[in-house]
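A short write-up of the structure that comes next.
Naming convention: chains lettered A, B, ... in sequence-line order (proteins, then strands); numbering from 1 in each chain. This structure is a prediction, so every number in the text was calculated from the model and none was measured.
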Protein chains: 2
Amino acid sequence: MKPRIDLLTGRPAGGGARPRERADAARNRAKVLAAAAELFAARDPRGVTMEDIAKAAGVGRGTLYRRYPDTVSIAQALLDEHEFALQERLLRGDPPLGPGAPPGDRLAAFYAGMVDLLEAHISLVLGAEQGELRFTTGAYGFWRAHVRTLLIQAAVPEPEALVDALLAPLGPDVFAEQRRRGLTPEQITAALARLAHGVTR
Amino acid sequence: MKPRIDLLTGRPAGGGARPRERADAARNRAKVLAAAAELFAARDPRGVTMEDIAKAAGVGRGTLYRRYPDTVSIAQALLDEHEFALQERLLRGDPPLGPGAPPGDRLAAFYAGMVDLLEAHISLVLGAEQGELRFTTGAYGFWRAHVRTLLIQAAVPEPEALVDALLAPLGPDVFAEQRRRGLTPEQITAALARLAHGVTR
DNA sequence: CGCGAAGTGGACATGTCGTCCGCTTCGCTG
DNA sequence: CAGCGAAGCGGACGACATGTCCACTTCGCG
């Protein structure tokens, strides 16, 4: 069902040893990612098409499809490193983001980190999570597991149903709408912190 | 920017007196809505196309476009009456859904009502809120105003930012994902009730 | 019954998608 | 360094959806 490709190299994620990437392929991949980053930032990320990216990168459409099945995958490839950095800090960083603080504080810190990420890369996240793909992403699974653990630590009843409800405000469309309304990232973070503490208390 | 059409009659929402709808037009409108309702229920609502509906209803595409600019409008027309019924109960129904109960209880009751609505008409809601249209709907404005009022009554700080965060879990994609995960409407309602009370306390 | 207007529906032009396949470029090997 | 097999490339192609347009039909009022 899912394409299941390695987002770093854009190759099918089979376990075996890779044949090593050819020079022209690497060159084109760089061109594609650079062009895509500009396009996503410049206009409505949801309107960017494979053709657009191919033209901007100066490659043919076939070349694009060789690695990425759609624009969503390209946006995800660009987003990947940023998400990974936050995941690292959640697992091994200092409290309250990392381990050691009370669950409510950690949840609030997670919210703050996500708001920062959204603010910095909203166009990529919008490009990466359009459609119903949002929940099938590896990243969503990670956020979900993290919040779920915090809820269980806080001994909250019905953690399973609460997890998705607590992640919902981090949907890129919600964030974009709030920013469009004139809310600052700080206000949004403050509101989410209240949510975090209200629910874990 | 927005089409701004009257969803009941499908006509442009100009204030003036309408010329009255012709018999063949009414007949076709009924056929279209009936066919669309079946289609939305039968397959993935996001995959239903104008062509599909036209064919199923036995009318031409031009006829469809005369009233509805896209499938989203059709889904909204079908959804409209259900949403309106809930809105009535919020304004004039018995507590805790209607006025008279503490804000936390009213918020929880609102959540419960929305979960019922989602459970009953998830395919329509999915069809109606695809894309970024979700926040521009009249209904979203209503839910937002309602929750905002409750938050202010509860003397919650930062109500503006919290409103959208509290509405986010009601997004159709979130609900669909939770159901897909095996959660029951009751479990979801319970989790949202906890959210409601946690935040207004 | 006749006429003007509202309504109809299919053809058309446009744009995106995803695939396919002949040609090019690479890099290993002898 | 020359040759070869394979990986990579890119434009052409068929399929499909969109939204518009306009010649034709149907309505309902006088």
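Of the candidate nucleotides C/dG9, D/dT18, C/dG18, C/dG9 has the atom lying nearest to any side-chain atom of B/Asn28. Of the candidate nucleotides D/dG10, C/dT16, D/dG8, D/dG10 has the atom lying nearest to any side-chain atom of A/Val59. Comparing D/dG19, C/dG7, D/dG8 by their closest approach to the side chain of B/Tyr65 singles out D/dG19.
Remark: P of C/dG18 and CG of A/Asp70 are 7 Å apart, rounded to the nearest angstrom. When rounded to the nearest whole Å, the span between CE of A/Met50 and C1' of C/dG18 equals 9 Å. Going from atom CZ of B/Arg61 over to atom P of D/dC21 covers 14 Å, rounded to whole Å. What separates CZ of B/Arg66 from P of D/dT25 is a distance of 17 Å, to the nearest Å. The separation between B/Arg29 atom CZ and C/dT8 atom P is 11 Å, rounded to whole Å. What separates CZ of B/Arg67 from P of D/dG19 is a distance of 17 Å, to the nearest Å. The distance from atom CG of A/Asp52 to atom C1' of C/dT16 is 10 Å, rounded to the nearest whole Å. Distance NZ (B/Lys31) to C1' (C/dT8): 11 Å, rounded to an integer number of Å.
In this structure, B/Glu38 places its CD atom where only 12 or fewer heavy-atom neighbours from other residues, nucleotides or ligands lie under 6.0 Å away. The 12-atom threshold is not exceeded at CZ of A/Arg148, counting heavy atoms of other residues, nucleotides or ligands nearer than 6.0 Å.
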List every contact pair, protein side and nucleotides 26-30 of chain C side both N or O, where the distance is under 3.5 Å.
{"from": "C/dC26", "atom 1": "OP1", "to": "A/Arg27", "atom 2": "NH2", "distance (Å)": "3.1"}
{"from": "C/dC26", "atom 1": "O4'", "to": "A/Arg22", "atom 2": "NH2", "distance (Å)": "3.4"}
{"from": "C/dG27", "atom 1": "OP1", "to": "A/Ala23", "atom 2": "N", "distance (Å)": "2.8"}

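In this structure, NZ on A/Lys55 lies 12.5 Å from CD1 on A/Ile53, to the nearest 0.5 angstrom. Put simply, CD1 on B/Ile188 and CG on B/Leu118 are 8.5 Å apart, with the number rounded to the nearest 0.5 Å.
Note on B/Thr63: a base of the nucleic acid sits closer than 4.0 angstrom, heavy atoms only.
For the pair B/Gly62 and A/Ala26, nearest-nucleotide mapping onto DNA chain D gives the more 5' position to A/Ala26.
Residues meeting the side-chain hydrogen bond (donor to acceptor under 3.5 Å, both in side chains) test with A/Asp24, sequence neighbours left out: A/Arg22.
OP1 or OP2 of D/dT18 sits under 4.0 Å from a side-chain N or O of B/Thr49.
Listed here is the closest heavy atom pair of A/Gln130 and A/Thr71: NE2-OG1, 4.0 Å.
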Before you tell me yes or no, could you show the steps for B/Glu51 and B/Arg61 under salt bridge (charged side-chain N to carboxylate O under 4.0 Å, His left out), namely the whole-Å CA-CA distance, both residues' side-chain angles and the distance that decides it to 0.1 Å? CA-CA 6 Å; B/Glu51 171 104 39; B/Arg61 297 160 34 88; 3.5 Å; yes
